Every structure is written in structure tokens, then in C-alpha cells.
Amino acid sequence: MSDRETQPVERQLPTDEARDLLALVRDIAQREIAPKAAEEEDAGRFPREVFTLLSEAGLLGLPYDPEHGGGEQPYEVYLQVLEELAAARLTVGLGVSVHTLASYALATHGTKQQQVEHLPAMLGGGLLGAYCLSEPSSGSDAASLRTRAVRDGDDWVLSGTKAWITHGGIADFYTVMARTGADGPRGITAFLVPGDAEGLSAAVPEKKMGLKGSPTAQVHLDGVRVPDERRIGEEGQGFGIALSALDSGRLGIAACAIGVAQAALDQAVSYATERRQFGHPIADFQGLRFLLADMATQIEAGRALYLAAARLKDAGRPFAKQAAMAKLHCTDTAMRVTVDAVQVLGGYGYTADFPAERYMREAKVLQIVEGTNQIQRMVIARHLAGPESR
């Protein structure tokens with residue numbers, strides 16, 4: 001079955017620089033990422049060399065200040081970069097999104113001295129980050145986290161276990177939320193922990209149904225000592241920082257979801273125009289044509305939704321509700337579209353000979369990470385009707 005060449009997504013980009021940036025990203029995706037994606041995902045191999053290349057190309061700090069190695073790109077552009085990377089391989093697109101999330105606390109709430117000291121290496125020096133909020137007993141209820149940081153002179157000593165950490169065990173730095181005060185959200189503080197800190201270790205990565213090339217592991221902090229200079233923001237400010245980071249991070253997940261969905265649609269269209277039954281390409285049959293049309297429409301709607309939220313963020317306006325909507329809609333769309341793509345390919349869609357089954361397995365996790373879609377519905381409803389009465 002020959003592959004039909006797909007056309008690049010038609011994008012509305014604000015500047016010539018952004019258009020050149022997207023062209024660079026497509027070139028890297030086509031040459032360095034997509035050709036090895038299936039083999040390396042099957043082998044569970046994390047492509048660290050790709051992240052080194054992306055760092056050298058200035059693609060690991062796109063939305064941040066150029067003074068510290070960032071690219072000063074609006075989220076409207078950064079998210080479309082993520083979409084292109086995720087379409088080539090979700091491990092890469094999601095990895096860039098998580099690295100951006102891990103850098104958020106220091107980039108937005110760090111002191112000038114902290115930013116000068118750490119951000120250049122984080123954003124353009126080849127480092128890779130991880131974000132540590134969830135724990136084995138606190139997922140959706142993140143404010144109940146138990147990892148504790150105790151002050152000892154000029155240092156803090158961190159003890160506890162973080163769960164579901166993307167890049168756990170391979171990250172060069174971890175943004176860790178730990179309890180420094182009383183129970184509840186106001187007792188949480190953020191810390192920047194080096195990946196080689198004494199007492200920090202990672203469990204064996206989880207065995208997942210998809211996204212096998214991206215390590216997800218528990219991270220153990222056994223008396224990890226960090227100086228107060230690595231505390232980010234004020235004591236007790238960590239939960240607010242974490243939620244603010246997640247608002248932006250959810251847009252990253254939305255963009256990644258549309259990338260996976262677009263890749264699945266491209267595969268389905270390619271197959272449908274080549275596969276012949278009853279003397280015709282199966283794309284001639286109205287039932288299948290309508291299915292492809294619905295898939296494409298859902299993708300375009302999702303792309304428009306995440307870009308509308310991004311433009312609000314870029315304008316400095318509230319966007320938390322729209323971020324939750326984008327994450328909800330785009331990840332549900334990715335699940336529907338990838339399931340439909342498998343159906344278009346029929347029996348072949350259920351085999352590893354085509355990437356459709358991998359897209360379907362990968363899409364599922366996007367409905368879960370960075371706040372399940374049930375949590376997104378709660379967030380949206382609170383913006384509409386206020387907090388729940390209890």
C-alpha cells in the first residue's frame with residue numbers, strides 16, 4: 001500500500017519569522033523524528049538526541065524570555081510547533097510540552113538571580129525537565145500531596161514520592177511541589193531540584209499501553225537537600241504556581257492531541273485513496289467519505305479552540321476556562337479520530353504495520369494527563385456556575 005503524500009496543515013501565523021520557524025520544525029520532524037518513530041516506540045526508546053537537537057535549534061524554550069535563552073514566541077506559535085512535533089511522534093511533542101511546563105515556575109516566579117543562574121541551561125543548554133505534582137495518593141486531588149520539605153538552616157530537606165512523572169529518572173531538573181506548612185493548598189511550596197541530587201531516585205518506568213518511548217516513573221525523594229536559593233516563589237505559593245502552570249500546560253496537551261489526530265486523519269485519507277474494493281478506491285464510498293469529513297471537521301474545530309485560548313493568553317487576558325475547554329475537546333477529538341482511523345483501515349488498522357493503532361493507544365493518555373477530562377468539566381462548570389455547594 002503506497003503512501004499518499006499529505007499536504008501541510010494550512011496555518012494562520014502572525015509573522016514571517018513564525019512561518020520560517022514552522023518550516024524548520026516540519027523539516028526536523030520529517031527528517032529526524034517521523035522515520036524512526038514506530039521502531040523506537042515499539043522498542044520503548046526515548047530519543048534524547050532529538051531533544052538535544054531541538055535545544056540546539058532553540059525549540060525547547062520558545063515561549064520564554066530571550067534574555068535567558070527563550071524564543072519569545074507567542075503561545076499561538078509555540079502550540080503549533082507542538083502540534084507538528086506530536087504529529088511526527090507524540091513522545092517528542094509531549095516531551096517538549098512537559099519540559100516547558102517544568103520550566104514555567106522559574107521563568108515566571110523565580111527571582112532575577114535564579115533566572116540568570118538557571119534558565120539559560122534549562123531553555124537552551126540541552127537540559128531536560130520534569131514536573132512533579134502528582135503522588136500515589138494525590139492525583140486529581142493535588143492539594144492533598146504529602147511530600148514534605150522541612151527547613152534545616154539555609155537548606156530544605158525533601159522527602160516523599162511523586163508519581164506519573166514524565167521524564168522520571170532521565171530529567172536533568174525537577175520542579176517539585178512539596179508541603180512546607182499546614183494541610184491544604186496554602187501549605188505547598190515549589191522547589192527546583194537537580195536531577196543528580198543525592199537522595200533522588202526513580203522507580204522502574206511504568207509499563208504503558210502507549211507512549212512507550214516516553215518514560216513515566218515514580219520519583220523518590222529520600223532526604224534530598226536543596227538550598228533555599230532553589231525555592232521558587234514564596235513559601236505557601238507553590239500550589240498557585242502549579243495551577244497556573246497547568247493552565248498553560250493544558251494548551252500544550254490540546255495541541256499535541258490535534259497533532260496525533262491530524263496524523264491519524266492523514267493516514268486514513270492516504271489509505272482510503274489507495275485501497276480498492278469492488279473496483280473503486282474505498283474513498284469513493286459515501287459512508288467512508290462522510291467519516292473522513294467528520295474527522296477533518298473535528299480536528300479543525302479543536303485547532304481553532306486551542307488557538308483562541310492561546311490568543312487570550314498572549315493578550316494577557318484570563319484563559320483558564322478556555323484552556324480547560326481546549327484540553328477537553330481536543331483530547332476527546334483525538335480519541336474519536338484515531339478510533340475512526342483504525343476503522344477506515346479495517347483489519348490493517350489493527351496491525352502494527354500501520355501507525356493507526358499506535359495513534360489510538362497514544363490518544364487515550366491525553367484524556368488523562370494534566371487533569372483528567374472529568375476535571376476539565378469541573379473547571380469549566382466552576383467558571384460558569386461558581387464553586388460547588390458542599
Side-chain angles (χ1 to χ4, degrees), residues 1-6 25-54 82-99 128 130 164-171 202-218 252-253 255-272 274-275 331 334-369:
M1 207 61 64
S2 62
D3 287 335
R4 173 179 177 268
E5 186 164 346
T6 58
V25 172
R26 288 192 189 110
D27 182 61
I28 291 174
Q30 292 168 5
R31 287 190 298 105
E32 305 292 340
I33 301 174
K36 296 180 273 189
E39 178 183 355
E40 293 193 345
E41 283 299 320
D42 187 54
R45 181 180 179 277
F46 181 74
R48 185 59 192 255
E49 71 284 353
V50 169
F51 286 85
T52 300
L53 174 62
L54 294 177
L82 283 188
E83 184 189 329
E84 292 282 349
L85 293 173
R89 186 178 177 186
L90 182 58
T91 285
V92 176
L94 184 71
V96 174
S97 182
V98 168
H99 175 82
L128 188 66
W164 310 112
I165 305 305
T166 301
H167 304 154
I170 66 169
V204 175
E206 307 289 351
K207 295 182 179 180
K208 309 190 297 278
M209 69 183 288
L211 206 61
K212 296 179 179 179
S214 176
T216 305
Q218 290 191 353
I253 299 301
C256 286
I258 293 302
V260 172
Q262 184 68 55
L265 173 63
D266 291 343
Q267 174 69 71
V269 171
S270 175
Y271 182 88
E274 296 290 336
R275 173 72 167 171
T331 59
M335 195 72 249
R336 286 193 298 270
V337 167
T338 55
V339 168
D340 287 345
V342 170
Q343 191 70 20
V344 169
L345 271 68
Y348 290 110
Y350 200 67
T351 72
D353 295 332
F354 290 82
E357 59 85 29
R358 172 165 60 87
Y359 298 147
M360 185 178 75
R361 288 186 287 106
E362 291 177 341
K364 183 62 209 173
V365 77
L366 298 175
Q367 295 178 302
I368 299 170
V369 297

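Quick caveat, the model's predicted, so the values are computed rather than measured. Heads up: numbering here begins at 1 and tracks the sequence.
Between Leu345 and Ala268 the shortest heavy-atom distance is CD1-CA, 4.0 Å. Nearest heavy-atom pair across Gly252 and Ser97 is CA-OG, 3.6 Å. Scanning both residues, Tyr359 and Ala264, for their nearest heavy atoms gives CD1-CA, 3.7 Å. Closest approach of Ala37 and Ala88 over heavy atoms only: CB-O, 3.6 Å. Contact between Gly168 and Ala202 at its shortest, heavy atoms only, is C-CB, 4.1 Å. Closest approach of Pro205 and Ala217 over heavy atoms only: CA-CB, 4.0 Å.
Annotation for Glu40: atom CD counts as buried by contact number, over 12 foreign heavy atoms lying within 6.0 Å. Other residues, nucleotides and ligands place more than 12 heavy atoms under 6.0 Å from the CD atom of Glu49.
Put simply, the side chain of Glu41 gets close to the backbone of Lys212: a donor and an acceptor are under 3.5 Å apart. Not one N or O on the side chain of Glu83 forms a donor-acceptor pair closer than 3.5 Å with the backbone of Gly259. The closest donor-acceptor contact from the side chain of Thr52 to the backbone of Arg48 lies under 3.5 Å.
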Worksheet item: What's the verdict on side-chain contact (heavy atoms from CB on, under 4.5 Å) for Met360 and Met335, showing C-alpha distance, side-chain angles and the deciding distance?
Response: CA-CA 6 Å; Met360 185 178 75; Met335 195 72 249; 3.7 Å; yes
Discussion item. Determine whether Thr216 and Leu211 satisfy the following criterion, side-chain contact (heavy atoms from CB on, under 4.5 Å), listing intermediate values before the conclusion.
Written reply: CA-CA 9 Å; Thr216 305; Leu211 206 61; 5.7 Å; no
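When side chains are defined from C-beta on, Thr338 does not count as touching Lys364, because their heavy atoms never get closer than 4.5 Å. Side chains of Val369 and Thr166 form no contact here, defined as non-hydrogen atoms less than 4.5 Å apart. Looking at heavy atoms from C-beta onward, Val365 lies out of side-chain contact with Lys208 at the 4.5 angstrom threshold. Val50 has its side chain within reach of Leu54: a pair of non-hydrogen atoms, C-beta onward, lies under 4.5 Å apart.
In this structure, the separation between CG on Leu94 and CD1 on Ile253 is 5.0 Å, given to the nearest 0.5 Å. The line from CG of Asp266 to CD of Gln262 is 4.5 Å long, rounded to the nearest 0.5 Å. Note: Ile258 CD1 to Glu84 CD = 12.5 Å, rounded to the nearest 0.5 Å. Within the model, atoms NZ of Lys36 and CZ of Arg31 stand 10.5 Å from one another, a figure rounded to the nearest 0.5 Å. One finds the CE atom of Met209 at 10.5 Å from the CD atom of Glu362 (value rounded to the nearest 0.5 Å). To the nearest 0.5 Å, atoms CG (Leu85) and CZ (Arg26) are separated by 11.5 Å.
Taking the six-membered ring where tryptophan is involved, the planes of Phe46 and Phe51 are essentially parallel, since the angle between them stays under 30° and well short of 60°.
None of Pro35, Pro47, Pro355, Ser214 except one satisfies the side-chain contact (heavy atoms from CB on, under 4.5 Å) rule with Arg89; the exception is Pro47.
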